[in-house]
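So the structure is just underneath, and the comments pick up after that.
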2 protein chains.
Amino acid sequence: MTEKVGEGLKGQDVILGLLMEKARTGYEIKQEFESLFPDFFVATFGTIYPTLNKMEKEKYITKEVIHQEGKPSKNVYAITEKGKEVFYDYLKSPLEQKMIRFDFFMRLYFNQYITSEELVKWIDQEIEQTKITLQRLEETIQRSDQWNEGQLFCWELGIKINRIFLESLKEAREKFSHSS
Amino acid sequence: MTEKVGEGLKGQDVILGLLMEKARTGYEIKQEFESLFPDFFVATFGTIYPTLNKMEKEKYITKEVIHQEGKPSKNVYAITEKGKEVFYDYLKSPLEQKMIRFDFFMRLYFNQYITSEELVKWIDQEIEQTKITLQRLEETIQRSDQWNEGQLFCWELGIKINRIFLESLKEAREKFSHSS
DNA sequence: TCGAGCATGTAACCCGTTACATGATTAC
DNA sequence: GTAATCATGTAACGGGTTACATGCTCGA
């Protein structure tokens, strides 16, 4: 059948995109991931640092070590011409399907195998998580008046969807806590 | 920092869950993934068949070969007691954060590096994709009157979100095709 | 005759996660 | 005193993807 879901959007593509704007440290990149893409790309240090090192070896980026007083030294990475090419190659590649693994929905689907107390506990956790995402998106949108139309579209839609999700979650909480 | 995003919801967990209901072939499992979870878990044969083989070796499932006339033989897998335990272990494990990689949003965020023709092309592709997902969800919801509350919640919410997504996508198409 | 549907499999590779490891400063 | 913030890194492992491989039937 040989079916492709996607060679996939990789952490590397997004990191290069962020470095297109300006030079950054791994730590800063992590923070940008959290504020910019809380809802459509999650990355941890375990992905970011190894990717940064790999890309430096392949000359996609250069490293400059900045010594700081009272704080650890930091590595500021800047994109090279070769790195820009790699980023443009990503943009030229075919659009990939979104890739989702939604544990909460999965457990809801299998709710017949658990108690409703557990289910309500998960709903509460999901509510908390959604509130955090929503807050991050709202803060990001206000962070600058320089966002372009495409970026605003991402966050406005993210906010819309998360609000509906939150609403439905609260309704579900009612429903399932009564049926226990 | 040692941050955990999630040991993750694995394909194995979902496959075991499906086998809790009834014995199935790999091919059927693939179809269930497409109709049941088009929006919250994507799996291909490249994941399903190796997982099935691995689980058979570990005695989580048993295989029965069914010979068919005019069609290839098929392997029907049934869950064992050990497999059920593994599935319950999954349900007992902490709820994981959803894991998303949304290529379309990523490209929209980086829209300054591309032409608006390309952007509109991607929007059109995303519109098509969303329509397919929506259709699958609507078909699934009508497939049976036996769905329980949790399952209905998943699909109703999925439909709600995809409708809003589709609407916004159409608006975006207007906006970006005029600005070109 | 060509594509779609039915049906399964494996080897190589790569990406990402987890766990481990370090260490200073600031605020409560 | 202890948690949070700043700041980076690596080794081992595992899950998943891609590419490759096979082959029959039915309808257009």
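- Looking at every heavy atom in both residues, B/Val65 comes nearest to B/Ser73 through CG1-CB, 4.3 Å.
- Salt-bridge formation is not detected for the pair B/Glu174/B/Lys170: no Lys NZ or Arg NE/NH1/NH2 atom is positioned less than 4.0 Å from an Asp or Glu carboxylate oxygen.
- Counting only heavy atoms from C-beta on, B/Phe45 has its side chain closest to C/dT8 among C/dT8, D/dG9, D/dG16.
- Backbone-only contact: A/Gly26 has heavy atoms under 4.0 Å from sugar-phosphate atoms and none from a base.
- Applying the 4.0 Å criterion to OP1 and OP2 of D/dT17, one finds that B/Thr47 has a side-chain N or O inside that range.
- Rounded to an integer number of Å, the gap from A/Met55 CE to D/dG9 P is 12 Å.
- With rounding to whole Å, B/Asp103 atom CG is found 15 Å from D/dT17 atom P.
- One can place CD of A/Glu32 at 13 Å from P of D/dC6, the figure rounded to the nearest angstrom.
- Across the protein-nucleic acid pair, B/Lys30 atom NZ and C/dT8 atom P stand 12 Å apart, rounded to whole Å.
- Place A/Pro50 and B/Glu28 on DNA chain C by their nearest nucleotides, and B/Glu28 ends up nearer the 5' end.
- Contact between the side-chain N/O atoms of B/Gln68 and the OP1/OP2 oxygens of C/dC6 is not found at any separation under 4.0 Å.
- Contact annotation: B/Gln31 side-chain N/O to C/dC6 OP1/OP2 distance is under 4.0 Å.
- In this model, a donor atom of one side chain and an acceptor atom of the other lie less than 3.5 Å apart for B/Gln135 and B/Glu139.
- Nucleic acid contact for B/Thr25: sugar-phosphate only, since backbone atoms but no base atoms lie under 4.0 Å from a heavy atom of the residue.
- Contacts of A/Tyr77 with the nucleic acid, taken as non-hydrogen atoms under 4.0 Å apart, involve only primed sugar atoms and P, OP1 or OP2.
- Of all heavy-atom pairs spanning A/Asp103 and B/Pro94, the tightest one is OD2-O, 4.2 Å.
- Distances shown here put a side-chain N or O of A/Thr44 below 4.0 Å from the OP1 or OP2 atom of C/dT17.
- In this structure, A/Lys57 places its NZ atom 10 Å from P of D/dG9, rounding to the nearest Å.
- Nucleotide C/dT25 holds its P atom 16 Å from the NE2 atom of A/His67, rounded to whole Å.
- Between B/Asn75 and C/dA7 there is no side-chain N or O to OP1 or OP2 distance below 4.0 Å.
- Taking atom CG on A/Asp13 and atom P on C/dC15, their separation rounds to 10 Å, with Å as the unit.
- Salt-bridge formation is not detected for the pair A/Glu126/A/Arg107: no Lys NZ or Arg NE/NH1/NH2 atom is positioned less than 4.0 Å from an Asp or Glu carboxylate oxygen.
- Contact annotation: B/Lys63 reaches the phosphate of C/dG9 (side-chain N/O to OP1 or OP2, under 4.0 Å).
- No hydrogens or angles considered: a donor-acceptor pair under 3.5 Å links the side chains of B/Lys54 and B/Gln12.
- Comparing D/dG15, D/dA7, C/dT8 by their closest approach to the side chain of A/Tyr27 singles out D/dA7.
- Regarding contacts with the backbone of D/dT8, a side-chain N or O of A/Tyr49 is found under 4.0 angstrom from either OP1 or OP2.
- Under 4.0 angstrom from either OP1 or OP2 of D/dG15 there lies no side-chain N or O belonging to A/Arg101.
- For B/Lys74 and C/dG5, the NZ to P distance is 17 Å, given to the nearest whole Å.
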